[in-house]
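One structure is given here, and the rest of the page talks about it.
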Amino acid sequence: QGVYLRRFNADGSAIDATDVLVNSGNTTSDQENASVALSSSGSGVVTWQSTGSVEGVYARTFTLSESVAGNSLSSALITVDTGGDRLNPSVDINDDGKFVIGWQKDNKPFLQRYNSDGTANGSEIDNNTLNFLGNTELNIVVGMQNNGGFVVAYRSQIPLFNGVWYRVYDSNGSPTGLAQAVATGTQ
């Protein structure tokens, strides 16, 4: 199976005549739960999870103006994290082309910042180092500011902390404080 995209101009006309394969070089097993982000400058990134014999979270960058080589993106495949229980990635990108990917790893949110060329910017970030028991935190969504700061929101199923939470990070990838509740309980 594959992850595909088709790019469009602002007027709705198609840039690509056919679907473009995003996950070339990673077509073994199933690819699912894709997330895409596009900056106002035309830089984009797609991330997805791969399940089966090649498990993990992967990504690929693109631009609205690049040529497509044989119906697939030509940018390098980015390996975000490999192994089982790497699920449900989310991505956002800023106008400089820097991006952040969040995903669920062993029931917890993890994050990784990237430079515009697709290289990792720092180490992966464990969003909740206090979740020692590995209680489920899922449905991760990330948002990125133009200054490089970002936020992650997620659903916690930790007893006494059940609900939707968010945490803000500065442009260096450091948290600006503890996670804050948006809504608590079992909504």
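A quick note: this is a predicted structure, and the numbers were derived from the prediction, not measured.
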Checklist entry - Between Q112 (side chain) and G122 (backbone), is there a donor-acceptor pair under 3.5 Å? => result yes
Checklist entry - Side-chain contact, heavy-atom cut-off 4.5 Å: V80 with P89? => result no
Next on the checklist: If hydrophobic clusters are built from ILVMFWY residues whose side chains come within less than 4.5 Å, do V151 and V164 share one?
Outcome noted: yes
Next on the checklist: Do V36 and V22 have side chains that approach each other closer than 4.5 Å (heavy atoms only, starting at C-beta)?
Outcome noted: no
Item to check | side chain to side chain donor-acceptor pair (under 3.5 Å) partners of K108, counting only residues at least two apart | outcome: D126
Checklist entry - Is it true that a side-chain atom of T47 and a backbone atom of S35 form a donor plus acceptor pair closer than 3.5 Å? => result no
Checklist entry - side chain to side chain contact (heavy atoms under 4.5 Å, CB included) with L77: which residues, sequence neighbours excluded? => result N26, W48, Y58, R60
Checklist entry - Taking C-beta and beyond as the side chain, do I158 and W165 meet within less than 4.5 Å on heavy atoms? => result no
Next on the checklist: Please tell me whether V20 and V3 are part of a single hydrophobic cluster in this structure, the criterion being side-chain heavy atoms less than 4.5 Å apart.
Outcome noted: yes
Checklist entry - Ignoring hydrogens and geometry, is there a side-chain-to-backbone donor-acceptor pair from Q49 to L87 under 3.5 Å? => result no
Checklist entry - Would V100 and F110 show up in the same hydrophobic cluster when neighbours are defined by side-chain heavy atoms closer than 4.5 Å? => result no
Checklist entry - For the hydrophobic clusters of this structure (ILVMFWY residues joined by side-chain heavy atoms under 4.5 Å, transitively), does one cluster hold both V57 and I125? => result no
Checklist entry - Who passes salt bridge (charged side-chain N to carboxylate O under 4.0 Å, His left out) against D16, sequence neighbours left out? => result R7
Checklist entry - Can you list the steps and then say if R167 with T176 is a side chain to side chain contact (heavy atoms under 4.5 Å, CB included)? => result CA-CA 8 Å; R167 193 167 192 188; T176 62; over 6 Å; no
Next on the checklist: Any non-hydrogen side-chain atom of I15 less than 4.5 Å from a side-chain atom of L64?
Outcome noted: yes
Next on the checklist: Is there a path of hydrophobic side-chain contacts, each under 4.5 Å between heavy atoms, that joins V182 and V168?
Outcome noted: yes
Item to check | Pairs touching residues 115-124 that satisfy salt bridge (charged side-chain N to carboxylate O under 4.0 Å, His left out), sequence neighbours left out | outcome: K105-E124
Item to check | Side-chain donor/acceptor of D170 to backbone N/O of G173, under 3.5 Å | outcome: yes
Next on the checklist: Under the rule for salt bridge (charged side-chain N to carboxylate O under 4.0 Å, His left out), what residues qualify as partners of E66, not counting sequence neighbours?
Outcome noted: none
Checklist entry - Distance from S39 atom OG to D92 atom CG, nearest 0.5 Å? => result 10.0 Å
Checklist outcome for this item: In this structure, CD of E137 is separated from CG of N139 (nearest 0.5 Å) by 11.5 Å
Checklist entry - Do the non-hydrogen side-chain atoms of I140 and V152 ever get within less than 4.5 Å of each other? => result yes
Checklist entry - Quick one: CG on N162 to OG on S156, what's the gap to the nearest 0.5 Å? => result 6.5 Å
Checklist outcome for this item: In short, L111 meets Y169 closest at the heavy-atom pair CD1-CE1, 3.6 Å
Item to check | Side-chain touch Y154/N127, heavy atoms, less than 4.5 angstrom | outcome: yes
Checklist entry - Judged by modelled atom types alone, do D11 and S13 share a side-chain donor-acceptor pair under 3.5 Å? => result yes
Item to check | Side chain N121, main chain R113, donor-acceptor under 3.5 Å | outcome: no
Next on the checklist: Restricting to non-hydrogen atoms, name the atom on V142 and the atom on S90 that form the minimum distance, rounded to 0.1 Å.
Outcome noted: N-OG, 3.1 Å
Next on the checklist: On a heavy-atom basis, which atom in S24 and which in L73 lie closest, and how many Å separate them?
Outcome noted: OG-O, 3.9 Å
Checklist outcome for this item: In this structure, CG of L138 is separated from CG of N107 (nearest 0.5 Å) by 8.0 Å
Item to check | Beyond-backbone contact of L38 with F62, side-chain heavy atoms, under 4.5 angstrom | outcome: yes
Item to check | Distance in Å, K98 NZ paired with F150 CZ, rounded so as to fall on 0.5 Å steps | outcome: 12.5 Å
Checklist entry - Are S40 and D95 linked by a side-chain donor-acceptor pair shorter than 3.5 Å? => result yes
Checklist entry - Between the main-chain N or O of G97 and the side-chain N or O of N94, is there a donor-acceptor pair closer than 3.5 Å? => result yes
Checklist entry - So which heavy atom on E32 is nearest to which on T51, and how close? => result OE2-CG2, 3.4 Å
Next on the checklist: As an exercise, state the distance from CD1 of I78 to CZ of F99, rounded to the nearest 0.5 Å.
Outcome noted: 4.0 Å
Item to check | D19: partners by salt bridge (charged side-chain N to carboxylate O under 4.0 Å, His left out), with sequence neighbours left out | outcome: R6
Checklist entry - Would you say the side-chain atoms of T136 pair up with the backbone N or O of Q157, donor to acceptor, closer than 3.5 Å? => result no
Checklist entry - Can you name the closest pair of heavy atoms from N147 and S171 and give their distance? => result O-CB, 3.1 Å
Next on the checklist: Any heavy-atom pair between the side chains of L21 and N71 that's under 4.5 Å?
Outcome noted: no
